[in-house]
Amino acid sequence: MLYFNLRGVTYHELEFYDDAIYDFGLALKNNPFFSEALRNRALSHYLIGDISSAFDDLEQALEINPNDSIAFNRLQLLKNQSFSITDAA
């Protein structure tokens, strides 16, 4: 599970967003409660323009971990659409 998330992060940093989304999905298949993988996949979805999937992933990450401040901030920015969610650390 962790392997796929880390590989997804690497793909994301290389701007291979579709590959990153795939690997985050594999991490989630192994553990559907892996909120970090959901948060990471949301960012990749956002950067390819799939706002709906980004929104869904962030909401699900917050359902799993309501104290996830990064997911919370990104979701708020996405709702406002006044800033890029990449601005939320």
Side-chain angles (χ1 to χ4, degrees):
M1 147 187 77
L2 185 58
Y3 167 78
F4 291 117
N5 186 60
L6 292 174
R7 191 170 72 175
V9 169
T10 301
Y11 281 139
H12 178 89
E13 290 176 356
L14 294 170
E15 298 181 5
F16 298 147
Y17 302 122
D18 290 328
D19 293 325
I21 290 167
Y22 180 78
D23 274 3
F24 296 136
L26 290 175
L28 290 162
K29 184 176 182 179
N30 288 313
N31 180 0
F33 302 103
F34 192 11
S35 63
E36 183 180 343
L38 281 162
R39 190 176 69 215
N40 291 337
R41 187 172 71 176
L43 185 56
S44 291
H45 277 302
Y46 174 81
L47 290 171
I48 64 168
D50 188 354
I51 306 305
S52 177
S53 293
F55 189 87
D56 291 344
D57 281 350
L58 290 170
E59 283 195 322
Q60 189 175 351
L62 284 171
E63 286 177 17
I64 294 167
N65 180 6
N67 297 319
D68 187 337
S69 61
I70 295 171
F72 178 81
N73 289 336
R74 288 181 178 170
L75 185 60
Q76 294 308 308
L77 291 172
L78 191 58
K79 286 179 180 178
N80 294 334
Q81 277 295 294
S82 57
F83 296 97
S84 167
I85 66 171
T86 57
D87 295 334

field: Shortest non-hydrogen separation from I21 to I48 and the atoms involved
entry: CD1-CD1, 3.7 Å
Co-membership, hydrophobic cluster, residues Y3 and Y11, 4.5 Å side-chain: no
query: What about L28 and V9, same hydrophobic cluster or not, with Ile/Leu/Val/Met/Phe/Trp/Tyr joined at side-chain heavy-atom distances under 4.5 Å?
result: no
task: Measure the spacing between NE2 of H45 and CD1 of I51 and express it to the nearest 0.5 Å.
output: 10.5 Å
field: Residue pair R39 / A61: nearest heavy atoms and the distance that separates them
entry: N-CB, 4.4 Å
field: Same apolar cluster (I L V M F W Y, side chains within < 4.5 Å links), L75/L47
entry: yes
message: Any non-hydrogen side-chain atom of F55 less than 4.5 Å from a side-chain atom of K79?
response: yes
query: What is the distance from atom OH of Y46 to atom CG of L77, rounded to the nearest 0.5 Å?
result: 8.5 Å
- prompt: Hey, does the side chain of N31 reach the backbone of A27 with a donor-acceptor pair shorter than 3.5 angstrom?
  reply: no
- line: Rounding to 0.5 Å, atoms CD (E59) and CZ (F72) come to a distance of 12.0 Å
field: From F34 atom CZ to I64 atom CD1, the distance as rounded to the nearest 0.5 Å
entry: 10.5 Å
- request: Tell me whether L62 is reachable from L43 by hopping between hydrophobic residues (I, L, V, M, F, W, Y) whose side-chain heavy atoms are closer than 4.5 Å.
  value: yes
query: From D23 CG over to N40 CG, what is the distance, rounded to the nearest 0.5 angstrom?
result: 11.5 Å
query: Can you name the closest pair of heavy atoms from S44 and F24 and give their distance?
result: OG-CE1, 3.7 Å
task: Spell out, yes or no, whether L2 and L26 are grouped together once hydrophobic residues are joined by side-chain heavy atoms under 4.5 Å, including indirect joins.
output: no
message: I need the Q60 CD to N65 CG distance, nearest 0.5 Å.
response: 12.5 Å
